[in-house]
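Each remark here refers to the structure printed beneath this line.
Note that ligands are numbered from 1 as they come in the structure, with each ligand's atoms numbered from 1 the same way. The chain is numbered in sequence order, starting from 1.
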Amino acid sequence: MSWFKKLTSGLSKSSTKISQGISDIFTKRKLDDEMIEELEELLIMADLGAATAAKVVRGFAKGKFDKEIAEDEVKEALAEQISQILQPVAQPIAIDRDKHPHVIMMVGVNGNGKTTTLGKLALQYGNQGHKVMMVACDTFRAAAVEQLQVWGQRAGCTVITGESNADPASVAYAAMEKARQEGADILLIDTAGRLQNKKDLMEELAKISRVVKKIDPSAPHDTVLVLDATTGQNAHSQAQSFKDIADISGIIVTKLDGTAKGGVVVGLAEAFKLPIHAVGVGEQIEDLNAFDARDFSKGLMGIE
Ligand SMILES: Nc1nc2c(ncn2[C@@H]2O[C@H](COP(=O)(O)OP(=O)(O)OP(=O)(O)O)[C@@H](O)[C@H]2O)c(=O)[nH]1
Ligand SMILES: [Mg+2]
């Protein structure tokens, strides 16, 4: 299946909800105030958030008042507005080949898909010819380390682990040294999603960052926040909290398959202006791809 097909089918719950809403609203042929208001409400219900929904609808309505408009044109025009919001943030992680290694740290609330996403990225980078290593800095749960090892096997890359309950930062430091010695191009750091409290988590992430800098002052080169689309508007408060505790450089949104809340990506783009690197639409290793503004917008509107 092509990525676009996979994305569109992943987003089908979101797009069906929006399409149905559009059919219900556009029963009259000419665009009027009432329809505009209903459309705005529909987009809010589709998790775009109030400010973003208003912006999209304003852009959409321009020049269309009192004119006849077909459903397909509505979807096309909305996709175009949404695409304009997404375009500036659709940026893949830029691997710097001069870094040895380029360090990517994955952070986010537990269960959001950090470990899975790292496995998917490891395969992609490996296929691009990079020598990839992963390190398990979620040392408190034995299962977390094993899970990363399984992904390492699938992706065909080395996974560095420490003793159980080892200090995550010391594991990260050892991994940096090993990555240097073995000439790795990319080091992917998996972190814990849950600690006792926000302060502990902040300290742990800061400490990992600090020790990595001892070996390369420019590392970590990317600190990527993984957000789960199924949490809808909650993703905003998570993004805000993590921005407060870590130097987030970009976002990956997972679980866009099987949720009707795919619109949250548009709200996140507008609210945080952080690069959105990739989106996940399934649990398999190939279910992650670079974020493409136009494709995503079409997928969200259910345009083939
Ligand atoms: N449907 C779907 N499931 C996903 C996606 N990404 C991850 N998952 C699933 O989400 C669950 C949690 O993923 P993990 O990768 O373990 O999440 P995590 O952030 O590492 O969690 P912690 O290690 O507990 O902090 C797993 O069952 C994954 O298979 C996705 O894009 N789509
Ligand atoms: Mg994990």
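Ion pairing between K199 and E203 holds under the 4.0 Å rule for side-chain N and carboxylate O.
Under a 4.0 Å criterion applied to the non-hydrogen atoms of G193, ligand 1 contributes the atoms 25 (O). The D138 neighbourhood of ligand 1 comprises atoms 23 (O), with distances under 4.0 Å to a heavy atom of that residue. Each of the following atoms of ligand 1 lies closer than 4.0 Å to a heavy atom of G280: 31 (O). Close approach of ligand 1 to V281 is summarised as follows: ligand atoms under 4.0 Å from at least one heavy atom of the residue are 31 (O). Each of the following atoms of ligand 1 lies closer than 4.0 Å to a heavy atom of R141: 22 (P), 23 (O), 24 (O).
Distances between N or O atoms of G113 and those of ligand 1 include at least one value under 3.5 Å. Between A192 and ligand 1, no N or O atom pair is found at a separation short of 3.5 Å. Polar contact with ligand 1: present for D257 (N/O pair, distance under 3.5 Å). The shortest N or O to N or O distance between D190 and ligand 1 is not below 3.5 Å. Checked by distance only, ligand 1 and L256 stay at 3.5 Å or farther apart across all their nitrogen or oxygen atoms. At a 3.5 angstrom cut-off on N or O pairs, T117 does not count as close to ligand 1.
By the rule that hydrophobic residues join a cluster once side-chain heavy atoms approach within less than 4.5 Å of another member, L300 and W3 end up as members of one cluster.
With a heavy-atom cut-off of 4.0 Å, M106 does not touch ligand 1 at all.
Counting only non-hydrogen atoms, the option in V107, T115, T254, L288 that gets closest to atom 6 (N) of ligand 1 is T254. Of the candidates T116, L118, V279, it is T116 that places a heavy atom closest to atom 7 (C) of ligand 1. Within the set Q147, K114, K255, the minimum heavy-atom distance to atom 16 (O) of ligand 1 is found for Q147.
In this pair, F60 and F26 present their aromatic rings perpendicular. The plane angle is above 60°, beyond the 30 to 60° band.
Counting only N and O atoms by type, the side chains of N234 and S237 include a donor and acceptor under 3.5 Å apart. No side-chain N or O of E283 forms a donor-acceptor pair with one of T116 less than 3.5 Å apart. Of the N and O atoms on the side chains of D222 and H102, at least one donor lies less than 3.5 Å from an acceptor on the other residue.
Side-chain atoms of D32 come within 3.5 Å of backbone atoms of E34 as a donor-acceptor pair (strictly under, hydrogens ignored). S249 places a side-chain N or O within donor-acceptor distance of the main-chain N or O of T223, the cut-off being under 3.5 Å.
The distance from the Mg ion (ligand 2) to the nearest N/O/S atom of T116 is not under 2.8 Å.
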